[in-house]
Engineer: 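I have a structure I would like to understand better, so I am pasting it below and will then ask my questions one at a time.
All heavy atoms count here, side chains included; hydrogens, waters and symmetry mates do not.
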Amino acid sequence: MDEENISLRHLRALLLMVEFGSPTRVAQILDTSQSAVSKMLARLRKHFNDPLFVRGGQTMRPTSKALELVQPLKDLLTSPIMRTTREPFNPAASTREFSVIVTEAGMIHLLLPIIRHLEKLGPGLKLKALALDYRQVEPRLESGEADIAIGAFPKAASTTKRQLLYGDTYVSIARAGHPQLKKLATLDGFMRERHVVVTSSTRVPYAHRSLDEKLSSRLKADRILVRVPNFLTSAFVVSETDAVGTVPARLARFLATKHGLAVFTPPISLPRIEINHFWHESVHNDEGHRWFRSTVHKLFS
């Protein structure tokens, strides 16, 4: 096929662009690079002598010519003569980059198992970690910025699919040499100490707001030494002071031996945590995405 011709892959890319409006998402579905998709679009524009897509906000909007092509191309690609069996995703041969939205704490104790697994099964596979920020998770998944988000987001939109990975509890931590260590698990000893409290924010889809509210309602104002934005900072402050922190149990166990922390059950009732991974329904049937979701579930469930 010479440079002037287009292939069925080009036509499929055109249909996917009409559906998703995102070269990034099209590249993920076709298991190729964004630059390769851009080249396919350039050849399609030349072939049809039309821009086909123009920028409109956060997405690329189809021109009238592109919309005219949709039904004929669907008829072509779904005709019996064109049907082929969908090939399973092959991690050993793929160079796909998977992207994950995860909290700061998740960066520490969730990413490494995923990285090691990808290295073992696919030397060409890559991972991109994206921070949880002030933006809602759903639009970032819908736009193709991320493949999945891992965390506790109970109010995720209905267009966002989820699967439970594991349940967790909160535990309290103190430095191993804390002078009152044996008394911290008692209610009186716990309430006497000063605490590091991880703050919640109305701007962030924050998973642990109920913990902040619970501790703030039980502790006297002078018993709060400092408020910090995440659990990693909390653990660091605790390791260098006589303050007490309260963090998810899995994270506490991961950090305890590395940072000289003692872990104990707090003497007050605290909520449980459900950690899910989330993805947008538009990629639910993508073979590579299915494989990645299955991998994450096997690692943490």
Engineer: Does a donor on one side chain and an acceptor on the other come within less than 3.5 Å for His10 and Ser7?
Structural biologist: yes
Engineer: Please list every donor-acceptor pair under 3.5 Å in which a side-chain atom of residues 241-258 meets a protein atom from a residue at least two apart or in another chain.
Structural biologist:
{"residue": "Thr241", "atom": "OG1", "partner": "Val237", "partner atom": "O", "Å": "2.9"}
{"residue": "Thr241", "atom": "OG1", "partner": "Ala243", "partner atom": "N", "Å": "3.1"}
{"residue": "Asp242", "atom": "OD1", "partner": "Arg175", "partner atom": "NE", "Å": "2.8"}
{"residue": "Asp242", "atom": "OD1", "partner": "Arg175", "partner atom": "NH2", "Å": "2.9"}
{"residue": "Thr246", "atom": "OG1", "partner": "Ser172", "partner atom": "OG", "Å": "3.1"}

Engineer: For the backbone of Phe278 and the side chain of Asn276, can you confirm whether one donor and one acceptor N or O come within less than 3.5 Å of each other?
Structural biologist: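 No, Asn276 side chain to Phe278 backbone: no donor-acceptor pair under 3.5 Å.
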Engineer: In chain order, what residues pass the ring-ring contact (aromatic ring centres under 6.0 Å, His included) check against His117, with sequence neighbours excluded?
Structural biologist: none
Engineer: Which residues pass the side chain to side chain contact (heavy atoms under 4.5 Å, CB included) test with Leu130, not counting sequence neighbours?
Structural biologist: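 Only Ser99, Ile101, Lys128, Arg140, Glu145, Ala146 meet the side chain to side chain contact (heavy atoms under 4.5 Å, CB included) criterion with Leu130.
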Engineer: So which heavy atom on Pro91 is nearest to which on Trp291, and how close?
Structural biologist: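 Scanning both residues completely, I find the closest heavy atoms to be CB-CZ2, 3.6 Å.
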Engineer: Donor-acceptor pairs are to be reported for all side-chain atoms of residues 215-228 against protein atoms at under 3.5 Å, with residues two or more places apart or in another chain.
Structural biologist:
{"residue": "Ser216", "atom": "OG", "partner": "Asp212", "partner atom": "O", "Å": "2.8"}
{"residue": "Ser216", "atom": "OG", "partner": "Asp212", "partner atom": "OD1", "Å": "3.0"}
{"residue": "Ser216", "atom": "OG", "partner": "Arg227", "partner atom": "NH1", "Å": "3.4"}
{"residue": "Ser216", "atom": "OG", "partner": "Arg227", "partner atom": "NH2", "Å": "3.1"}
{"residue": "Ser217", "atom": "OG", "partner": "Glu213", "partner atom": "O", "Å": "3.2"}
{"residue": "Ser217", "atom": "OG", "partner": "Lys214", "partner atom": "O", "Å": "2.8"}
{"residue": "Arg223", "atom": "NH1", "partner": "Arg192", "partner atom": "O", "Å": "2.6"}
{"residue": "Arg227", "atom": "NH1", "partner": "Asp212", "partner atom": "OD1", "Å": "3.3"}

Engineer: If Ile, Leu, Val, Met, Phe, Trp and Tyr residues are connected whenever their side-chain heavy atoms lie under 4.5 Å apart, and connections chain through other members, are Leu76 and Val70 in the same group?
Structural biologist: yes
Engineer: Hey, are the side chains of Phe190 and His195 touching, using non-hydrogen atoms and a 4.5 Å cut-off?
Structural biologist: yes
Engineer: Drop me the distance from Glu240's CD to His259's NE2, to the nearest 0.5 angstrom.
Structural biologist: 10.0 Å
Engineer: Nearest 0.5 Å, what's the OG1-CE distance between Thr32 and Met40?
Structural biologist: 5.5 Å
Engineer: Between His178 (side chain) and Gln180 (backbone), is there a donor-acceptor pair under 3.5 Å?
Structural biologist: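 Answer holds: yes.
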Engineer: Can you list everything that forms a side-chain hydrogen bond (donor to acceptor under 3.5 Å, both in side chains) with Ser22? Sequence neighbours excluded, please.
Structural biologist: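 Testing Ser22 for side-chain hydrogen bond (donor to acceptor under 3.5 Å, both in side chains), a comparison that skips the adjacent residues, returns none.
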Engineer: Can you check whether Phe292 reaches Arg96 side chain to side chain, under 4.5 Å on heavy atoms?
Structural biologist: no
Engineer: Who pairs with Glu68 by side chain to side chain contact (heavy atoms under 4.5 Å, CB included), at least two apart in sequence or on another chain?
Structural biologist: Lys65
Engineer: For Asp168, give me all partners under side-chain hydrogen bond (donor to acceptor under 3.5 Å, both in side chains), at least two apart in sequence or on another chain.
Structural biologist: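 side-chain hydrogen bond (donor to acceptor under 3.5 Å, both in side chains) check on Asp168 returns nothing, list empty.
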Engineer: Got Arg162 and His277 here, is their nearest side-chain heavy-atom distance under 4.5 Å?
Structural biologist: no
Engineer: The criterion is side-chain hydrogen bond (donor to acceptor under 3.5 Å, both in side chains); which residues satisfy it with Thr59, sequence neighbours excluded?
Structural biologist: none
Engineer: Is any side-chain heavy atom of Leu184 closer than 4.5 Å to a side-chain heavy atom of Leu181?
Structural biologist: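 Yes, their side chains come closer than 4.5 Å.
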Engineer: Taking ring-ring contact (aromatic ring centres under 6.0 Å, His included) as the definition, give me every residue that meets it alongside Phe53, ordered by chain and number, with sequence neighbours left out.
Structural biologist: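 With sequence neighbours excluded, Phe53 shows a ring-ring contact (aromatic ring centres under 6.0 Å, His included) to no residue whatsoever.
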Engineer: Rounded to the nearest 0.5 Å, how far does CD1 of Ile148 lie from CD of Gln163?
Structural biologist: 10.0 Å
Engineer: Return the set of residues passing side-chain hydrogen bond (donor to acceptor under 3.5 Å, both in side chains) with His289 (not counting sequence neighbours), or none when no residue passes.
Structural biologist: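 By the side-chain hydrogen bond (donor to acceptor under 3.5 Å, both in side chains) rule, His289 matches Arg293.
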Engineer: Out of curiosity, Lys39 NZ to Leu44 CG, how far, rounded to the nearest 0.5 Å?
Structural biologist: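 That separation rounds to 14.5 Å.
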Engineer: Could you tell me which residues satisfy side chain to side chain contact (heavy atoms under 4.5 Å, CB included) with Pro139, sequence neighbours excluded, listed by chain and number?
Structural biologist: Gln136
Engineer: Does Lys126, at its NZ atom, have more than 12 non-hydrogen atoms belonging to other residues, nucleotides or ligands within less than 6.0 Å?
Structural biologist: yes
Engineer: Are there more than 12 heavy atoms of other residues, nucleotides or ligands under 6.0 Å from atom CG of Asp75?
Structural biologist: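 Yes.
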Engineer: Checking side-chain hydrogen bond (donor to acceptor under 3.5 Å, both in side chains) for the pair Arg25/Ser143: CA distance, chi angles, key distance, verdict?
Structural biologist: CA-CA 7 Å; Arg25 176 57 56 79; Ser143 68; over 6 Å; no
Engineer: If you take all heavy atoms of Pro266 and Val171, which pair is closest and at what distance?
Structural biologist: CD-CA, 3.8 Å
Engineer: Looking only at heavy atoms, what is the nearest atom pair of Ile275 and Leu164, with distance?
Structural biologist: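 Closest approach of Ile275 to Leu164: O-CD1, 3.6 Å.
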Engineer: Are Leu110 and Met107 in one and the same hydrophobic cluster, where Ile, Leu, Val, Met, Phe, Trp and Tyr link if side-chain heavy atoms are under 4.5 Å apart?
Structural biologist: yes
Engineer: Could you tell me which non-hydrogen atom of His109 sits nearest to which non-hydrogen atom of Tyr166, and how far apart they are?
Structural biologist: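 Heavy atoms of His109 and Tyr166 come nearest at CE1-OH, 3.7 Å.
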Engineer: Take the angle between the ring planes of His284 and Trp279 and call it parallel below 30°, perpendicular above 60°, tilted in between.
Structural biologist: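 Parallel: the ring planes of His284 and Trp279 meet at under 30°.
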Engineer: Do Thr169 and Leu270 have side chains that get closer than 4.5 Å, going by heavy atoms?
Structural biologist: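 A side-chain contact is absent here, since even the closest heavy-atom pair is not under 4.5 Å.
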Engineer: Do Leu211 and Phe231 have side-chain heavy atoms sitting under 4.5 Å apart?
Structural biologist: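 Touching, per the 4.5 Å side-chain cut-off.
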Engineer: So which heavy atom on Pro62 is nearest to which on Ala66, and how close?
Structural biologist: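 Between these two residues, the closest heavy atoms are CB-CB, 3.9 Å.
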Engineer: Applying ring-ring contact (aromatic ring centres under 6.0 Å, His included), name anything that partners His280, two or more places apart in sequence or on another chain.
Structural biologist: none
Engineer: In this structure, are over 12 heavy atoms from other groups packed under 6.0 Å from Arg61 atom CZ?
Structural biologist: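 12 or below, so no.
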Engineer: Can you find a pair of side-chain heavy atoms, one from Leu14 and one from Phe48, that are under 4.5 Å apart?
Structural biologist: yes
Engineer: Shortest non-hydrogen contact from Pro229 to Thr199?
Structural biologist: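 Reported closest heavy-atom pair: CA-OG1, 4.0 Å.
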Engineer: Quick one: CG on Leu132 to CD1 on Ile150, what's the gap to the nearest 0.5 Å?
Structural biologist: 12.0 Å
Engineer: What is the distance from atom CG of Leu125 to atom CD of Glu97, rounded to the nearest 0.5 Å?
Structural biologist: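 Result: 10.5 Å between the selected atoms.
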Engineer: Distance-only, no hydrogens or angles: does the Ser38 side chain make a donor-acceptor pair with backbone N or O of Gln34 under 3.5 Å?
Structural biologist: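 Present.
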